[in-house]
Colleague: 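Take this structure first; my questions come after.
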Amino acid sequence: MEQVGTFSMIASVSHPANSPRTQPHPPPYLARLNPEQREAVETLDGPLLVLAGAGTGKTRVLTARFAHILLTGRAAPSQVLAVTFTNKAAREMRERVAAMLGRPVEGLWLGTFHALGARMLRRHADRAGLSSNFTILDADDQLRLLKQVMEAERVDAKRWPPPALMALIQRWKDRGLPPARVPESEEPEFAGGRTRSVYAAYQARLGTLNAADFGDLLLLPTELLRTDADVLAQYHRQFRYILVDEYQDTNLVQYLWLRLLAQGHRNLCCVGDDDQSIYSWRGAEIENILRFEKDFPGAKVIRLERNYRSTAPILAAAAALIAHNEGRLGKTLRPGAETAVGGAAGGEKIQVVALWDSDEEARMVGDRAEALRRDGESLAEMAVLVRAGFQTRAVEERLITIGLPYRVVGGLRFYERAEIRDALAYARVLAQPADDLAFERIVNLPRRGVGETALRAMHDRARAEHIPLSEAAARLVAAGALRGKAREGIAGLLAGFGRWRGQLEAEGHVIAMATMLDESGYTTMWQQDTAPDAPGRLENLKEFLRALAEFESLAGFLDHVALVMENETNADGERISLMTLHAAKGLEFDTVFLPGWEEGLFPNQRSLDEGGIKSLEEERRLAYVGLTRARRRVVVSHAANRRLYSGWQSAIPSRFLDELPEDEIERTGSAALGRAARHTGPVAFPLQVRGRVQEAWEQAPRPPQRASLTVGSRVFHEKFGYGTVTSVESDRLDVTFETSGPKRVLDRFVVAA
DNA sequence: TGACGTCACTTTTTT
DNA sequence: AGTGACGTCA
């Protein structure tokens, strides 16, 4: 995009008129908007909700609005608060705003909820009982800390799984509840009714460690704004305009934080799409967006419904699907004036492919992707979007076999690998000797003969004298309280940290870090490791140092790591993308494959068990997100049998398939033709049975004496072989198979033996 | 302290 | 099937 203005424009634009609409020649960033978009950009005063459907130009509106605020002189960059959900979105907005203004913008409060929360918390750390260089703990550290606290509080970790308690605490934090505010009535039947005291102890422990967990980054600032009128007033003065992206994904504490900040000027603009709310499991409350007009009286609501991304059949299918949801604000996507490809009338139908098993499904995806590439389509414009991460594996294997380049997005993340976390722990101890969690991780890594006994001694001493672990270790060494290897090992490590800190001062963080990894023996440990992945880990460590070198200080780097847990997107070469539906939100591709549309998997059974109808609606929104990622072509598929753990599981087609409009889809597939099709080759046959795959399924070999199947019946299943029925529940049978163990199958897939 | 065997569990999604 | 937690043994 060409540069549209500079700050020299500000003067000329801001003075003469408050309403830019009255100007004869609107600036280019306004001219290219449709009327609704333009209204969303120009409605600056008061609360505003922009309901932006998929592909309706949401990002364009947000950035144009941002630029508009600055260019009309309504506010300086530092007076606008812009919140996104992901780091990627924040980066994008920053770049686009800079492009519109024609230069980089300094002093912006633009970032993710967590990054901005952290920034605020560092400013006022003392008021939250922390010092400003507090450590941000990741999920792993949180859990380890909680386990320690549970032990100290004598809560049996065997009976009460720590992850469950962690989830409980996080949920409280998501709702803006510090320990003191959790009502007694919410004490669950868990941990012997002591969850709240464990929570309190956990928070206290965080305080002594000078650490905050992810939830605290929002909880503590919100608590601060709530209780400290001075701080609140300070931010009211500062933030004249507030912009929020993906509002449908906010949780309660994020809502409270925003509401407190918005009380000042009431210029709050939230952009979101209730049909794309897919994070309730993480505490997001779709009610936030549904309630907006009540929460902010006098709010204006603008709907963006013109979709410039997808073909008409895709939009029709998505609209029909999402119409099955009850709790919606209501909004229908329709093709925009100049629909990208195919025009409003044209466009390929949605393809629904029925396969025999997940292997065949993977083959279908690979073959079709390959065929499309032969026709000249770019692999970079194709994506396979799945419900659950494990589904990518089958596809990956197939893509490797046929040699089609792919990348898994959001799979294993760089900063979660063991060697990187180890290196980070070293870095943390270097930066903050009091970081007990990090110290504990590396004190015996590589092995230094520090076992349970030595560790316990350190813990005891630390607790008794209220000092960090590393300090306790030093005193134990000095007092000669440790023996043999442990003593030497710890003494050597502590001496090392002394040197490395000196080096940090003198020669900078990169040199110090590299020396530390070498001298501590950590690098050597991997060099001597004969495991096949050891060289790769060493390579990762080098990459770690490269990443470190891009930051000015160790502290800056550590913050980045905690908050920007992204995997480096090495966008080298053309690759088809594999990712979960969640990870795909906000992206778009020409061709989208949606495998695994089966009951139990999608909609996901576990999700349904937990949340009932609400969860079903969320699953449906996930399907909606999947469909609307596609510009030109969607291939949905489902398999009758899926590899699960070590064995196979049979499944029936997803109910979502029945919710797609028959006119917009084309059903093909080999599954319904049964065994014969599998032996005649990979060709996909159109079903002849009135296009209804469901009916074709029912034509599959069916036991004539179906009704006679009872507990104890001996049956035969195509995939699992012989077995005995252990229970019958309408058309579902539990069968213990002789070779593959107990399975739940549909009666139509077995015959009496 | 560390090596080895057994066992249960996994697969929903992640800032 | 692959993994991690846990117990037993040298």
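For the numbers below, each heavy atom of this structure counts, side chains included, while hydrogens, waters and symmetry mates do not.
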Colleague: Quick check on DNA chain B: between A/A583 and A/R393, whose nearest nucleotide comes earlier from the 5' end?
Modeller: A/R393
Colleague: How close or far is atom P of B/dT13 from atom CG of A/L622, stated in whole angstroms?
Modeller: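 Checked: the CG to P distance equals 11 Å.
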Colleague: Determine the interplanar angle of the A/H560 and A/F551 rings, folded into 0 to 90°, and report it as parallel if under 30°, tilted if 30 to 60°, perpendicular if over 60°.
Modeller: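 Taking A/F551 first and then A/H560, their aromatic rings sit tilted (interplane angle of 30° to 60°).
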Colleague: Just the rounded figure in Å: distance from C1' of B/dT14 to CG of A/D213.
Modeller: 14 Å
Colleague: Take the protein atom CG of A/L581 and the nucleotide atom P of B/dT11, then report the distance between them rounded to whole Å.
Modeller: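 In whole Å, B/dT11 P and A/L581 CG are 18 Å from each other.
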Colleague: I need the CG-P distance between A/L644 and C/dA1, as an integer number of Å.
Modeller: 13 Å
Colleague: Classify the ring geometry of A/W172 against A/Y199: parallel below 30°, tilted from 30° to 60°, perpendicular beyond 60°.
Modeller: parallel
Colleague: Cut-off 3.5 Å, side chains only: do A/Y202 and A/D213 have a donor facing an acceptor?
Modeller: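 There is such a pair (donor and acceptor under 3.5 Å, judged by atom type) between the side chains of A/Y202 and A/D213.
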Colleague: Only counting residues at least two apart or in another chain, list the ones meeting ring-ring contact (aromatic ring centres under 6.0 Å, His included) with A/F602.
Modeller: A/W597, A/F656
Colleague: Kindly say whether A/V443 contributes a backbone atom to a donor-acceptor pair with the side chain of A/R448 at under 3.5 angstrom?
Modeller: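 Checking the backbone N and O of A/V443 against the side chain of A/R448, a donor-acceptor pair under 3.5 Å is found.
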Colleague: What nucleotide, of B/dT13, B/dT14, B/dT11, holds the atom closest to the side chain of A/A388?
Modeller: B/dT13
Colleague: So if I take every side-chain heavy atom of A/W281 and compare against B/dT11, B/dT14, B/dT15, which nucleotide ends up nearest?
Modeller: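 Between B/dT11, B/dT14, B/dT15, the one nearest the side chain of A/W281 would be B/dT14.
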Colleague: Atom CD of A/E618 to atom P of B/dT14: distance rounded to whole Å?
Modeller: 13 Å
Colleague: How close or far is atom C1' of B/dT11 from atom CG of A/L578, stated in whole angstroms?
Modeller: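 So the CG-C1' distance, A/L578 to B/dT11, works out to 16 Å.
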Colleague: Consider the side chain of A/H582, meaning its heavy atoms from C-beta on, and name the nucleotide among B/dT13, B/dT11, B/dT15 that approaches it most closely.
Modeller: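 Of the options given, the side chain of A/H582 lies nearest B/dT13.
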Colleague: What's the CG-P distance between A/L219 and B/dT15, to the nearest Å?
Modeller: 20 Å
Colleague: Mind calculating the distance between CZ (A/R643) and C1' (C/dG2) to the nearest angstrom?
Modeller: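 Taking CZ of A/R643 and C1' of C/dG2, I get 14 Å after rounding.
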Colleague: Might you list the N or O atoms of the protein lying below 3.5 Å from N or O atoms in nucleotides 1-10 of chain B, with each pair's distance?
Modeller:
unit_1: B/dT1; atom_1: OP1; unit_2: A/G451; atom_2: N; d: 2.4
unit_1: B/dT1; atom_1: OP2; unit_2: A/E452; atom_2: N; d: 3.0

Colleague: Is the phosphate of B/dT14, meaning OP1 or OP2, less than 4.0 Å from a side-chain N or O of A/T580?
Modeller: yes
Colleague: Evaluate the ring planes of A/Y522 and A/W526, with Trp represented by its six-membered ring, and classify them as parallel (under 30°), tilted (30 to 60°) or perpendicular (over 60°).
Modeller: perpendicular
Colleague: Any side-chain donor-acceptor pair under 3.5 Å between A/Q254 and A/D249?
Modeller: no
